[in-house]
Amino acid sequence: MKQKRKGNISDMKISKNGNIFSIDNGRVSYIFSVEKDKYLMHRYFGRYINQYAGSAQPFFFDRGFCSNPDPEDKRFSLDTLPQEYPDMNQGDFRSPAYIIQTEDGCRVTRFFYKGYEIIHGKPGLEGLPSVYAEGENEAETLCITLEDECLQAQIRLYYTIFRDFDAICRHVEFINQGKQEIYMERLMSTSMDFPGTDYDLLTLSGSHTSEKNINRRAVSGDSVVIESSRGCSSPQENPCVILMDKESTEYQGQVWGFNYVYSGDFQAVVQTGQYQTVRVQMGMNPQTFGWRLGSGQKFVSPETVMVYSCSGLNGMSQTFHSLYRKRLCRGVYRDKVRPVLLNSWEAFYFDIHEEACLSLAAQAADLGVELFVVDDGWFVKRNTDRAALGDWREDREKFPGGICSLAEKIREMGMGFGIWFEPEMVSPDSDLYRAHPDWIIRSSLYDPVLSRTQYVLDLSNPEVCDFIYQSVADILEKTKASYVKWDMNRHITDLGSAYLKEKCQRELSHRYILGLYSILERLNRNFPEVLFEGCSSGGGRYDAGMLYYMPQTWASDNTDAVCRLKIQYGTSILFPAITMGSHVSDVPNHQVRRITPLSTRFAAAMSGNLGYELDLRKMSEEEKREVKEEIRFYKSIREVIQMGRFYRLKNPQRGNEAAWNFVSEDGRTVIYCYFRILSDPLSLSFPVKLKGLDPDSVYRLEENGLCYGGDELMYAGITSYPEKGDFSSHVYVFQKIK
Ligand code: GLA
């Protein structure tokens, strides 16, 4: 979007003009008003409007079945009003943003507009991950207060606009200043009503080993609910809803993206109303959420990031990528290129021991790997997935010299040492479980259900959180590890806590996540040099919440290059390549038995945060030479991949090809990756048009020195002539020469 604000005005502006609030940064505007001094009416979220005068008002008239909160005005009904934060019981029968039960068991409340405040910068969300601003001049926040006078309770709605990103963050606070306890049954961070229904809805759904499939369909006359009640954001549904104009494409048209910065259960609702409007909501999943708010207490909701793009889906992704990379991820690794790692899992599984690790590490170091990661199996009695989770002590049988000496030897080889944990879990066959059977999530009546032969620890209990923190911290201190892979391999059943009081059992799911965040915050604070990578059987908890604590995620347990093209393409809808752990693995592939060329496995893995996950010692000398060269090549261009802009060109979820290109932040280097999945007898090959280049510049293709204009590469495209055979690929590097 090139549109700029007219006149001499600061970069961001939040203003109130009469009853109209307007939030903008010169490229996007968000507008709502206060109606009848009480109700918030949503008016607009889209491309920047210089001076909004209300031309796009909804048409009010007396409609059948509509309740009229103002007895003098039968045209006015909340059921037809585009709202900012709708309740129930006043006549809006669409999906409410919140439901509160009062002590008398009723669920009638009346929160009305009370006032507003403008805050420079962006306040943090206590105990929760959130996008942040560095300094007050990067962002501005509007806080609207609604009040229920009878209950003496307030709702505060927060809206932050950023100077440099076309995004608005929303979250809410509930404050109980009254005497009685209130019970929150439903709580959305965001609710927004769109006029008309002429939209498509895009979501990212999937499963273990098949994460983030792009699902685009028409918004029709019903409600669509996207949710997780699994105790984590889940591989099944990502907490993200994308609304697009029907004609919008990858590079054209309007797109509105909503993403929840939260790692637990969630619900997103896309509801078509009877009067042809679409309500989008995102928040806690009422199936597993409930919260008692005592007198004087406050509840802070997670936040939703809302991105507007008028340059298609890719424009939206670019905003999410830069916002998340620069102002969601934190720590020393935020601005650092990430090390090329070797992970032991697919090389050894549970058959891991010191000698094998050292000889694999020596091989890895020789080929240029920078970080050696010991995956599952390193701790005492962990010989299968049926035992020992929770007993985070080294196994001296497998590692006679001890894990510290292994770490030291690996460092002597010039690599960092990384280690795997699954700290939220416990095996029934473990010392931890035998000592603390009451530390797991379970009901008091029934035997809890196992999954991967393990139980989930009750993170609502601070003692459990302390134990987890201490277990991980001890190993980090001892081994001086520079990397942790933090796994979570089952979903939560049997929601019950021996720690929580009876009437607070519905709080368990959210308290679990708050407990998890508190552990991670502590670890981040006390081990600032450690790189954390999130994992939940692959991309099962690949969400914005986790990225706040862990700037990268293992994108999928599926390491097959062809499957990975689809998974990584879908992941890129929200998340930048630097966050995407992707490894070159063995053939036949361990998940699908496919045999793909090493070069294609590399091209797929280098399109993210490159690693290796195979026994390099078993490769032929020729293959090792290839790996060495590929790692050298990746290091020479990884800054472009990890910090550059990403452009999707061909969608492997739709056809036989995949293609994308990266452009470095300074625009000088372009990396174009092309994949042809199955070979075809005609060898048909059509040009692919690159994106994000300067049409007036000339680019030299490094492999043969040929020069092309940016205009030619973008408008006419470039044809790849892949080798014969299935699963071929080609990586091109262009340098801008003038
Ligand atoms: C999960 C992870 C894998 C590996 C195993 C170890 O499945 O996704 O990468 O770490 O656990 O048990």
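Every number for a ligand or one of its atoms is a count from 1 in the order of the listing. FYI, the numbering just counts along the sequence from 1.
Note: W378 and F350 fail the aromatic proximity criterion, with ring centroids not under 6.0 Å apart.
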Tabulation required: pairs of a nitrogen or oxygen in ligand 1 and a protein nitrogen or oxygen under 3.5 Å; columns are atom names and distance to 0.1 Å; otherwise 'none'.
unit_1, atom_1, unit_2, atom_2, d
ligand 1, 7 (O), D557, OD2, 2.9
ligand 1, 8 (O), G538, N, 3.2
ligand 1, 8 (O), D557, OD1, 2.4
ligand 1, 8 (O), D557, OD2, 3.2
ligand 1, 9 (O), K485, NZ, 2.7
ligand 1, 9 (O), W554, NE1, 3.4
ligand 1, 9 (O), D557, OD1, 3.4
ligand 1, 10 (O), D375, OD1, 2.6
ligand 1, 10 (O), D375, OD2, 3.2
ligand 1, 10 (O), W420, NE1, 3.1
ligand 1, 10 (O), K485, NZ, 3.0
ligand 1, 10 (O), D487, OD2, 3.4
ligand 1, 11 (O), D487, OD2, 3.0
ligand 1, 11 (O), N489, ND2, 3.1
ligand 1, 12 (O), D376, OD2, 2.6
ligand 1, 12 (O), R452, NH1, 3.0
ligand 1, 12 (O), R452, NH2, 3.0

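Applying the salt bridge (Lys or Arg N to Asp or Glu O under 4.0 Å) criterion to E354, with sequence neighbours excluded, gives no partner residue. Scanning for side-chain hydrogen bond (donor to acceptor under 3.5 Å, both in side chains) contacts around K480 gives an empty result, with sequence neighbours left out. K485 is linked by a salt bridge (Lys or Arg N to Asp or Glu O under 4.0 Å) to D375, counting only residues two or more places apart in sequence or in another chain.
Geometrically, K566 does not engage Y569 in a cation-pi contact defined by less than 6.0 Å to the ring centre and at most 45° from the axis.
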Residue pair M284, F266: steps toward the side-chain contact (heavy atoms from CB on, under 4.5 Å) verdict:
CA-CA 5 Å; M284 308 305 278; F266 71 92; over 6 Å; no
